[in-house]
Amino acid sequence: MLTVGVDIGGTSVRAAVVDADGTVIADVSAAPTPDRAGELDDTVAELVGGLAARHEIAAVGLAVAGFVDPDKRTVAFGAHLPWRGDPVVDRLGERLGVPVVLEHDANAAGLAEHRVGAAAGASVAVLVALGTGIGAALLVDGVVFRGAHGVAPELGHLTVVRGGRPCPCGKRGCLERYCSGTALGRSAEELVAASEDFSVLRASWERAEPITGRDVAHAAEAGDALARRVVDEFAEWLGQALALVADVFDPDVVVIGGEVSASAPLYLDRARRRYAEEVTGGGHRRMAEVRPAALGGRAGIIGAALDARERAARSGTAGP
């Protein structure tokens, strides 16, 4: 049985056909995430339809950057998405003609890493997905923990700087404003504005062009000192976040995923050191292993597809 995973993020929508082993066998080019609910429905339908025209699809899994209601049929809210209380499972299921299942994108990525990735075999695993914002997932004995209302664990919107940077969620000083791909760009812009030091990033700032997290990572890899300072600051924030995770959940494995995980060699060792310094009882307790994601940016797609397969099997709608 083949299923489609669709990763619906704050900046793009991606889809792929995935087999039972979690292998991506076909995908389509990413499309920008629309800012209207109906247009987002259209984008998902077009991407899935293109894949279904070439492959026999049994079910579709949606990995969504937003709050999923406990019934897992409705997207209640997404800071970077236009869906607000939208019954996307029923709406898209009727449109696509196959079962559609819904999951928070970080939960989907965590599921994938636990089934076929860096957290395989872990009893308590946490995924921290660093991208446009921060997603997080907690799996206990292979089962996703969702909280009472389906929104746990929302690490990205913990307030870490009182009155700090504004966040699309409506709060200020959220962790993701300091520790995400978006945050890398914002921190670089602030540092360029406050410094006269040379940086390859200055040209973009002088042209009033946004500096992206990818720009910062590439500059740091090339030895740009200012970009390196930005990445080091990012690593410090990540280390503090890991300490919070360990204090609250005490996992045996923490997987660092999302788009920023591709640059893990730039910051992960420093983040691990900061984590060891910040965690309660450091030096007197077992520390969680902190690993980069094995599945990279495709984890959400793979997890959504595997989730669709597992739920189709449980409901008796699975094919061979």
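Residue indices begin at 1 and follow the sequence shown.
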For this session: Check the pair D42, R95 against side-chain contact (heavy atoms from CB on, under 4.5 Å), reporting the backbone distance first and the verdict last.
Result: CA-CA 10 Å; D42 293 342; R95 185 166 177 175; 2.9 Å; yes

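- Listed by first and then second residue, the salt bridge (charged side-chain N to carboxylate O under 4.0 Å, His left out) pairs involving residues 199-209 are R207-E209 (not counting sequence neighbours).
- Shown here for R285 and D250, the closest heavy-atom pair between the two residues is NH2-OD1, 3.5 Å.
- With a 4.5 Å cut-off on side-chain heavy atoms, Y267 and L130 count as touching.
- Between V200 and D224 the shortest heavy-atom distance is N-OD2, 2.8 Å.
- Among residue pairs with one or both ends in residues 254-265, none qualify as side chain to side chain donor-acceptor pair (under 3.5 Å); sequence neighbours excluded.
- Every residue two or more places apart in sequence or in another chain was checked for a side chain to side chain donor-acceptor pair (under 3.5 Å) with D19, and none qualifies.
- Heavy atoms only, all atoms of each residue included: S180 and V260 are closest at C-CG2, 4.3 Å.
- Residue I301 is not grouped with residue L127 when hydrophobic side chains (ILVMFWY) are merged at heavy-atom distances under 4.5 angstrom, including chains of intermediate members.
- Rounding to the nearest 0.5 angstrom, the gap separating the CG atom in L138 from the CZ atom in F249 is 5.5 Å.
- At a threshold of 4.5 Å between non-hydrogen side-chain atoms, the residues V60 and L92 do not count as touching.
- Counting only distance, with no hydrogens or angles, the side chain of E113 and the backbone of L295 share a donor-acceptor pair below 3.5 Å.
- The side-chain heavy atoms of V24 and R298, taken from C-beta on, include a pair separated by under 4.5 Å.
- Within the 3.5 Å criterion, the main-chain N or O of A122 finds a donor-acceptor partner in the side chain of H114.
- Distance check, rounded to the nearest 0.5 Å: CZ of R84 to OG1 of T74 gives 14.0 Å.
- When hydrophobic clusters are built by joining Ile, Leu, Val, Met, Phe, Trp and Tyr residues whose side-chain heavy atoms come closer than 4.5 Å, directly or via intermediates, V4 is grouped together with L40.
- The side chain to side chain donor-acceptor pair (under 3.5 Å) contacts involving residues 1-10 comprise D7-R14, where partners must be two or more places apart or lie in separate chains.
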Exercise. Passes salt bridge (charged side-chain N to carboxylate O under 4.0 Å, His left out), D86 versus R91? Steps please.
Worked result: CA-CA 9 Å; D86 286 75; R91 207 158 64 198; 2.9 Å; yes

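- Here ring pair (Phe, Tyr, Trp, His ring centres under 6.0 Å) pairs that include residues 154-193, with residues two or more places apart or in two chains, are Y178-W237.
- Scanning for side chain to side chain donor-acceptor pair (under 3.5 Å) contacts around E310 gives R115, with sequence neighbours left out.
- Within the 4.5 Å cutoff, the side chain of D90 has heavy atoms near those of the R73 side chain.
- Taking all atoms of both residues into account, the shortest heavy-atom contact from A264 to P292 is CB-CB, 4.3 Å.
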Exercise. Under the side-chain contact (heavy atoms from CB on, under 4.5 Å) criterion, do V88 and V100 qualify, and how do the steps go?
Worked result: CA-CA 9 Å; V88 297; V100 174; over 6 Å; no

Tell me which donor-acceptor pairs under 3.5 Å the side chains of residues 225-234 have, and how far apart each pair is, sequence neighbours excluded?
unit_1	atom_1	unit_2	atom_2	d
R228	NE	D232	OD1	3.2
R228	NH1	L266	O	3.3
R228	NH2	D232	OD1	2.9
R228	NH2	L266	O	2.4
R229	NH1	D197	OD2	3.3

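- No donor-acceptor pair under 3.5 Å is formed between the side chain of R270 and the backbone N or O of A235.
- Residue pairs meeting the salt bridge (charged side-chain N to carboxylate O under 4.0 Å, His left out) criterion with at least one member in residues 119-138: none, sequence neighbours excluded.
- The distance from atom CD of E176 to atom CD of E154, rounded to the nearest 0.5 Å, is 7.5 Å.
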Problem set entry | Derivation of the side-chain contact (heavy atoms from CB on, under 4.5 Å) call for D247 and V279 | CA-CA 7 Å; D247 284 343; V279 69; 3.5 Å; yes

Pairs under 3.5 angstrom only: tabulate donor-acceptor contacts from the side chains of residues 48-56 to other protein residues two or more places apart or in another chain.
none

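- To the nearest 0.5 Å, the span separating CG on L111 from CG on D307 amounts to 5.5 Å.
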Cut-off 3.5 Å, no hydrogens considered: what does the side-chain donor-acceptor table look like for residues 161-170, sequence neighbours left out?
unit_1	atom_1	unit_2	atom_2	d
R165	NE	E190	OE2	3.4
R165	NH1	R177	O	2.6
R165	NH1	S187	OG	3.3
R165	NH2	S187	OG	3.1
R165	NH2	E190	OE1	2.9

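- Pairing each heavy atom of P251 with each of V245, the nearest pair is CD-O, 4.0 Å.
- Without hydrogens or angle criteria, R272 side chain to V290 main chain gives a donor-acceptor distance under 3.5 Å.
- Without hydrogens or angle criteria, E189 side chain to I211 main chain gives a donor-acceptor distance under 3.5 Å.
- Checked by atom type and distance alone, the side chain of D41 never pairs as donor or acceptor with a backbone atom of G38 at under 3.5 Å.
- Under the 4.5 Å side-chain heavy-atom criterion for grouping Ile, Leu, Val, Met, Phe, Trp and Tyr, V248 is connected to L175 within one hydrophobic cluster.
- Within the structure, every pair that satisfies the side chain to side chain donor-acceptor pair (under 3.5 Å) test and touches residues 124-152, not counting sequence neighbours, is listed here: E103-R146.
- The side-chain heavy atoms of Y275 and V254, taken from C-beta on, include no pair separated by under 4.5 Å.
- Here the CD1 atom belonging to I57 is positioned 10.5 Å from the CG atom belonging to L96, to the nearest 0.5 angstrom.
- Linking Ile, Leu, Val, Met, Phe, Trp and Tyr whenever their side-chain heavy atoms come within less than 4.5 Å puts V216 and L238 in one cluster.
- What you find for I134 and C179 is that their closest heavy atoms are CD1-O, 2.9 Å.
- A continuous path of hydrophobic side-chain contacts links L268 to L244 [ILVMFWY only; heavy atoms under 4.5 Å].
- S29 meets the side chain to side chain contact (heavy atoms under 4.5 Å, CB included) test with no other residue; sequence neighbours excluded.
- D252 places a side-chain N or O within donor-acceptor distance of the main-chain N or O of V124, the cut-off being under 3.5 Å.
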For this session: Step by step, work out the side-chain contact (heavy atoms from CB on, under 4.5 Å) result for V13 and L47.
Result: CA-CA 9 Å; V13 182; L47 294 178; 3.6 Å; yes

For this session: Apply the test salt bridge (charged side-chain N to carboxylate O under 4.0 Å, His left out) to residues R274 and E277: give CA-CA distance (whole Å), side-chain angles for both, the deciding distance (0.1 Å), then the verdict.
Result: CA-CA 5 Å; R274 184 64 170 174; E277 294 168 356; 3.6 Å; yes

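- The CG atom of L62 sits 11.5 Å away from atom CG of D105, with the distance rounded to the nearest 0.5 Å.
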